[in-house]
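Right, one structure below, let's go through it.
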Amino acid sequence: MLPALLVISACSGDSGEDDKKAAPSAKVTSSAEAKADAEAKRVGAMNPTDLKKATLSGTSKGFEFKQVAKADSEAGRDMKADKAECQPLASLAGGYTDIEAVSVEHRSLEPSEATDATIGSMWLASHSEKNAELVMSNLRTSLKKCPDGFKTLGLTYKSVQQLKDPALGDDAVGYRIANVVAKQSVTMTYTVVRKDGVIAAFYGVNMLTPKNSAIPETTIKAQLEQLE
């Protein structure tokens, strides 16, 4: 789960000042997109525009895929584990991969049926295929070395349990981890899939039945089909 961070923004009532501030921001965004496009072309990764088009939005397979505000997704970018060997797990807990991606798309997942108690998130990270393979390798190593969990940003993650690898994409890893929030343990189930150079990561939480917290494979397959 992304850390709960308070974002405070100052608003000006002067429309002229707002216009002056907006222009540099637009230029920075355009520059960042151009840089990401160039990097994607250089390493053979999916470019940001195509990644966004391939990311599900709306309702599909029992869930509503909602775009996450940039400020919210950025909150977890720099999550550092207190133990280096646990960093791949900490990065995924923050909504990113331990190797920096060319671009990332985040979505929150809310059940479309009132009887479904599982909620969660999904993100797609575009890499070169070589780096995507390394992300999966690093994750498997981290799962072996960090069974007792780690701490990051004042949060505690514990009881790391690797699950049977799902038969999804080109490579896939499943695991369960508990996040301690206000002395209450919240169980999250992660499914991380590689499709060519894209890492598709899903996590689910089910407070009623923790062992049923994984995002269904039918939902994951619906997203993977968009990458073909």
Side-chain angles (χ1 to χ4, degrees), residues 2-3 21-57 65-81 84-109 121-143 145 152 165-166 168-175 190-203 220-228:
L2 294 180
K21 292 177 182 178
S25 176
K27 289 181 180 179
V28 169
T29 300
S30 178
S31 175
E33 290 175 349
K35 183 178 179 180
D37 280 335
E39 179 63 10
K41 185 176 181 179
R42 185 184 74 81
V43 302
M46 183 178 288
N47 66 53
T49 299
D50 289 342
L51 185 69
K52 188 171 185 176
K53 288 180 180 178
T55 306
L56 285 175
S57 291
F65 292 71
K66 293 184 176 181
Q67 189 157 4
V68 178
K70 186 175 179 61
D72 292 336
S73 62
E74 287 289 328
R77 181 181 286 277
D78 296 321
M79 287 179 70
K80 300 297 182 184
E85 61 269 26
C86 301
Q87 187 56 49
L89 292 169
S91 294
L92 286 168
Y96 292 87
T97 51
D98 62 309
I99 297 175
E100 186 176 359
V102 172
S103 60
V104 184
E105 283 289 330
H106 290 85
R107 298 289 184 271
S108 64
L109 273 61
S121 288
M122 172 197 82
W123 56 96
L124 302 184
S126 175
H127 291 272
S128 67
E129 190 162 347
K130 180 179 179 181
N131 275 358
E133 290 173 349
L134 189 54
V135 166
M136 299 301 287
S137 176
N138 289 350
L139 174 57
R140 284 196 167 89
T141 299
S142 191
L143 286 168
K145 293 185 175 182
T152 176
D165 289 350
L168 295 166
D170 297 315
D171 190 11
V173 174
Y175 64 96
Y190 281 77
T191 306
V192 184
V193 185
R194 179 181 70 82
K195 177 67 176 177
D196 298 323
V198 175
I199 298 295
F202 300 76
Y203 83 74
I220 296 173
K221 287 178 179 177
Q223 174 56 76
L224 295 178
E225 287 171 0
Q226 299 300 305
L227 298 172
E228 296 177 354

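Computed from heavy atoms alone, side chains included, the values below leave out hydrogens, waters and symmetry copies. Remember, predicted model here, so these are calculated numbers, not experimental data.
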Electrostatic pair R42:E39 at N-O distance under 4.0 angstrom: yes
Shortest non-hydrogen contact from T97 toward A125: CG2-CB, 4.2 Å
N/O donor-acceptor pair under 3.5 Å between S73 side chain and K70 backbone: yes
Under 3.5 Å: donor-acceptor pair, side chain of R140, backbone of S142: no
Validation row: D171, E133 side chains within 4.5 angstrom (heavy atoms): no
Heavy-atom side-chain proximity of L124 to L227 below 4.5 angstrom: yes
Donor-acceptor contact present, side-chain T152 to main-chain M79, <3.5 Å: no
Atom CD of E85 with >12 non-hydrogen neighbours under 6.0 angstrom: yes
Residue pair A45 / V102: nearest heavy atoms and the distance that separates them: CB-CG2, 4.0 Å
Y175 vs V192 side-chain heavy atoms within contact, under 4.5 Å: yes
Heavy-atom pair of closest approach, residues V193 and A172: CG2-CB, 4.1 Å
Closest approach of S103 to N47 (non-hydrogen atoms, all atoms of both residues): OG-C, 4.4 Å
Atom of D37, atom of P48 and distance for their closest heavy-atom approach: OD1-CD, 3.1 Å
Value rounded to 0.5 Å, distance of OG1 in T191 from CD1 in I220: 4.0 Å
Heavy-atom side-chain proximity of M122 to T55 below 4.5 angstrom: yes
Euclidean distance, L89 CG relative to K145 NZ, rounded to 0.5 Å: 12.0 Å
Any donor-acceptor pair under 3.5 Å from D170 side chain to D196 backbone: yes
CG-OG distance between L51 and S126, expressed to the nearest 0.5 angstrom: 5.5 Å
Check: E100 and N131 side chains under 4.5 Å, non-hydrogen atoms: no
Donor-acceptor under 3.5 Å (Y96 side chain, D78 main chain): no
Gap between atom OG of S57 and atom CZ of F65 - 0.5 Å precision: 9.0 Å
Main-chain N/O of L56 paired to Q223 side chain as donor or acceptor, under 3.5 Å: yes
Heavy-atom side-chain proximity of Q67 to E105 below 4.5 angstrom: yes
Candidate pair M136 and V173, rule side chain to side chain contact (heavy atoms under 4.5 Å, CB included), full reasoning: CA-CA 8 Å; M136 299 301 287; V173 174; 3.8 Å; yes
Separation between CD of Q226 and NZ of K221, rounded to the nearest 0.5 Å: 15.0 Å
Point-to-point distance, once rounded to the nearest 0.5 Å, from CG of L92 to CG of L139: 6.0 Å
Side chain proximity check, T49 to K53, heavy atoms < 4.5 angstrom: yes
